[in-house]
2 protein chains.
Amino acid sequence: MEETRSALAKKETAILEAAKRSFLARGYGEASMDAIAREAGVSKATVYAHFASKEELFGAVIAGECERRFAAFSARELSPAEPALSLAVLGRRFLDLILSPEAIALHRIILGEVSRFPVLGDVFWRAGPERNLLQIEAFMKRAQSAGTLFCGEPRRAAEEFAALARGELQLRRLLGLESGIEEGALEEAVAAAVAVFLRAYGPQERVARPAPRRQRA
Amino acid sequence: MEETRSALAKKETAILEAAKRSFLARGYGEASMDAIAREAGVSKATVYAHFASKEELFGAVIAGECERRFAAFSARELSPAEPALSLAVLGRRFLDLILSPEAIALHRIILGEVSRFPVLGDVFWRAGPERNLLQIEAFMKRAQSAGTLFCGEPRRAAEEFAALARGELQLRRLLGLESGIEEGALEEAVAAAVAVFLRAYGPQERVARPAPRRQRA
DNA sequence: GTCTATAATTGGATAGAC
DNA sequence: GTCTATCCAATTATAGAC
């Protein structure tokens with residue numbers, strides 16, 4: 001019995017793995033059930049014994065991948081006492097997550113297919129961006145309570161921080177530009193995002209700036 | 001002769017228009033040359049007389065659409081004397097451009113197909129985001145010269161402002177969430193982006209904030 | 001250049017034996 | 001559940017007449 005269940009599970013896993021590779025590499029349209037079956041080492045009929053259609057297999061792959069990829073993101077242990085440091089760690093974690101080649105591939109697929117499978121939009125949003133934002137928001141709230149950040153609504157601040165950290169990096173990766181990973185550039189981007197965020201909401205007092213020149217009345 | 005040229009141009013235009021509608025609505029994979037020819041009112045052979053392949057037609061459509069859509073964006077006439085006002089106009093213009101249904105559809109297609117047609121990444125980047133950023137950067141430079149903004153490198157500031165204005169709005173549209181256009185929300189998003197940008201780089205003097213509580217040594 | 005008709009291939013899905 | 005073999009629809013691309 002266990003042997004049987006194990007064998008079944010193995011085949012299903014193999015199919016899902018092969019499907020994941022095919023879909024992420026080639027997109028829904030170009031991935032073929034033939035190729036998936038071949039790569040999984042089973043016949044096409046077996047694939048259809050486990051998944052009623054190509055669309056269902058696709059949905060299972062994408063939903064699983066969304067859940068798996070974004071589950072680990074957390075800001076719980078970051079201390080609000082030193083916002084500069086914690087935000088830098090948080091920003092770096094965020095970028096590592098959304099810029100990974102797998103996340104980029106997943107992102108591309110979902111955006112490319114969301115008009116055909118509208119439910120993917122919800123699934124992805126809730127599993128990915130929304131979860132990230134909730135974590136960041138929780139940190140903002142703690143920092144505000146601790147008196148180390150002054151950012152008004154934590155949710156809005158979380159979106160602003162995420163937007164600053166992302167900058168144009170994510171879009172450039174999605175477009176296939178600068179696939180080469182420049183470690184220094186990532187650190188620099190995070191540092192810049194933290195700097196501007198703290199200029200706006202940080203605790204430091206700032207010196208007055210020269211008043212703008214005015215036309216005479 | 002003119003009749004002939006006009007007729008030829010008309011057919012080519014009709015093909016391009018039909019192809020644009022098909023590709024933007026259904027994506028590359030699901031759009032068929034049959035449907036495009038039918039919708040353009042010509043035979044499939046005529047389509048192939050003008051464009052050697054489906055890929056070539058797709059490339060022509062996308063490149064043309066990128067150029068056409070983003071060409072008008074400009075910040076040249078915005079005055080740097082009143083950064084709050086000008087940034088609000090600029091941000092609103094930016095959002096109107098990138099959130100339009102046509103831009104969203106174009107974005108989806110390109111991200112979905114860029115792994116198959118890598119050149120699309122460059123074409124889109126240069127025609128769209130890069131052009132927008134150059135306009136914004138030019139404004140930042142002028143405002144900095146005028147002494148109304150203090151933002152360091154204008155290019156970085158431009159990316160930050162664009163990121164703040166975009167926030168999560170663009171992603172949510174791309175994912176098909178909140179397709180309903182809420183006019184108020186747009187204005188609010190722009191106002192928030194301008195506010196945080198000016199908190200970081202604006203000319204206003206700011207009051208000191210209470211120092212964070214510290215642990216005793 | 002344009003059309004009709006068709007070739008050639010591909011890919012999703014299934015029948016039937018085991 | 002799994003396999004082999006096959007059906008059927010759709011699609012890209014082209015041949016040949018005008």
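Please read these numbers as outputs of a predicted model, since none were measured by experiment. Only heavy atoms go into these numbers, but all of them, side chains included; no hydrogens, no water, no symmetry mates.
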Let me spell it out: for each of A:M33 and B:A49, pick the nucleotide of DNA chain C with the closest heavy atom. Which residue's pick is nearer the 5' end? B:A49

Is any side-chain N of the basic residue among B:E102 and B:K20 closer than 4.0 Å to the acidic one's carboxylate O? no

Would you call B:E65-B:R69 a salt bridge at under 4.0 Å N-O? yes

Euclidean distance, atom CZ of residue B:F51 to atom C1' of D:dT12 [Å, nearest integer]: 16 Å

Could you tell me how far apart B:Y48 (OH) and C:dT4 (C1') are, to the nearest whole angstrom? 16 Å

So for A:K11 and D:dG1, does any side-chain atom that can act as donor or acceptor lie under 3.5 Å from a complementary atom in the base? no

Classify A:A31 by what it touches in the nucleic acid, base, sugar-phosphate, or nothing, heavy-atom distance under 4.0 Å. sugar-phosphate

When rounded to whole Å, the NZ to P distance for the pair B:K54 and C:dT9 reads 19 Å

Do you know which of B:Y28, B:F124, B:F58 makes side chain to side chain contact (heavy atoms under 4.5 Å, CB included) with B:I109? B:F58

Proximity to the side chain of A:S32 - top-ranked nucleotide from C:dA13, C:dG12, C:dT2: C:dG12

Rounded distance in Å - CD (B:E56) to P (D:dT12): 15 Å

Rounded to the nearest Å, what distance is computed from the NZ atom of residue A:K44 to the P atom of nucleotide D:dA5? 13 Å

Using a heavy-atom cut-off of under 4.0 Å over every strand shown, decide if A:A37 touches base, sugar-phosphate, or nothing. nothing

Nearest 0.5 angstrom please: B:F139 CZ to B:L149 CG, how far? 6.0 Å

Which listed nucleotide (D:dT4, C:dC3, C:dA13) is nearest to the side chain of A:S43? D:dT4

Atom CD of A:E55 and atom C1' of C:dG12 are separated, to the nearest Å, by 11 Å

Please report the distance, rounded to the nearest Å, between CG in B:D34 and P in D:dT14. 14 Å

Which of the following nucleotides, C:dA15, C:dA13, D:dA13, is nearest to the side chain of A:S53? C:dA13

Is there a side-chain contact between B:L174 and B:H107 (heavy atoms, below 4.5 Å)? yes

Answer yes or no: does a side-chain N or O of B:T46 lie under 4.0 Å from OP1 or OP2 of C:dC3? yes

Round to a whole Å and report the spacing from OH of B:Y28 to P of D:dT12. 8 Å

